[in-house]
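Working notes, structure below.
Counting starts at 1 for both ligands and their atoms, in listed order. A quick note: this is a predicted structure, and the numbers were derived from the prediction, not measured.
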Amino acid sequence: MHFSDIQRVPGDPILGLIEAYANDTNPNKFDLGVGVYKDAQGLTTIPRAVKLAEQRLVDKQLTKTYIGGHGEPRFGTLISQLVLGDNSPLLAARRVSATQTPGGTGALRLSGDFIAECLPGRGIWLSDPTWPIHETIFAKAGLKVSHYPYVDRENRLTVDAMLAAFETIPSGDVVLLHACCHNPTGFDLGHEDWKRVLEVVRRRNLLPLIDFAYQGFGDGLEEDAWAARLFAAELPELLITSSCSKNFGLYRERTGALIVCCADAEKSLDVRSQLSSIARNLWSNPPDHGAAVVAEILGDAELKQLWAEEVEEMRQRIAQLRSGLVQALTPLGLGQRFAHIAQQRGMFSYTGLNDDQVARLRHEHSVYMVNAGRANVAGIDATRLHALAAAIAAVC
Ligand code: LMR
């Protein structure tokens, strides 16, 4: 037998919750697990702009032949503009290379292999905590993974401790930063904090990798790009991973990009050639459909406007759910304790609930959230905020 020594491994800490939730027969269950947006009806619908773009593609697309290692050039240009700004001087100077990837996760893996192959010996530093898959993606790419502090034991952002740790990171190492809507905590750096991070990154010659998976879900499409654009303007080199899963609702279409800012146009071509070779060995050509949809939307003023309105609608709804949950917890004497939920940004909240409380919420109240108390606020049913608050109060 060939497979007799293969052991079973535990399910993914996030995706495993999809199945557990589906199998729960309690009609009053709550899904605050995997990061998907749900509307007032509890559905993760396809945005109207995406539907319209798909309809156009059915008529327009004439071939399904390969699109090449970097994907569709039009998508690469448009997603770079969305991230860096329409008038970014880097784009005009051809300092930017964009590679279409299977989701933001694919972009992260591509960046991990790029660092391992082209910048050997560089370690990567992740926030503690971070998205659990960051840990494994870079380890599987062969990088040494280390951590810098981000939130303290009282569940507060610790910028001073973060910056103190940056002073000890070896020159040349990579630091992964979340552009906005930090996953899992929801705690974002303010503009002044970002400027301090930039200063130490530049002085200590660190290479930033900005993970940008939630553009538009924090303070707005343009506002959320502030830090990425600051770093792109101030530093000669930068890696950005962009995801279209959440803001375009294209989760299963696996649509993203690795955007690399280089010192000049020549170096950009060198880097690009390496990325093409690495991608060829990972997935050959990226999937097309989601990127074709995004290009159709971003390349058409009317569709883009509709899409931007839909993103804004989602963003406002998440903000309302945040304050609504705190309001529902207030009569239970927990408003102060959970006030941070209303201040955090994006889909996720590090609630401050511990693993024990998360387990009790799941087993006693059918409330599903990720360990360490991460709740997907964007999955809350607004009509049952009081029931959710009562369940939280019962385990506190
Ligand atoms: C999440 O963190 O829940 C999302 O980014 C989905 C995923 O792939 O884990």
Ring-face cation of R384 near F30 (centre distance under 6.0 Å, axis angle within 45°): yes
Cation-pi check for Y21 against K38: NZ or CZ below 6.0 Å from the six-membered ring centre and within 45 degrees of the axis, yes or no? yes
Distance alone, cut at 3.5 Å: any donor-acceptor contact between the side chains of Q61 and D288? yes
Show the distances, to 0.1 Å, for all pairs joining an N/O atom of ligand 1 and a protein N/O atom that are shorter than 3.5 Å, listing one pair per line.
residue  : atom  : partner : partner atom : Å
ligand 1 : 2 (O) : W131    : NE1          : 3.0
ligand 1 : 2 (O) : N183    : ND2          : 3.0
ligand 1 : 2 (O) : R374    : NH1          : 2.8
ligand 1 : 3 (O) : G35     : N            : 2.7
ligand 1 : 3 (O) : R374    : NH2          : 2.8
ligand 1 : 5 (O) : Y214    : OH           : 3.4
ligand 1 : 5 (O) : K246    : NZ           : 3.1
ligand 1 : 9 (O) : W131    : NE1          : 3.1

Does R374 make a cation-pi contact with F348, if we ask for NZ or CZ under 6.0 Å from the ring centre and within 45° of the axis? yes
Would you please say whether a donor-acceptor pair under 3.5 Å links the side chains of H147 and S127? no
Any donor-acceptor pair under 3.5 Å linking the side-chain atoms of Y214 with those of N183? yes
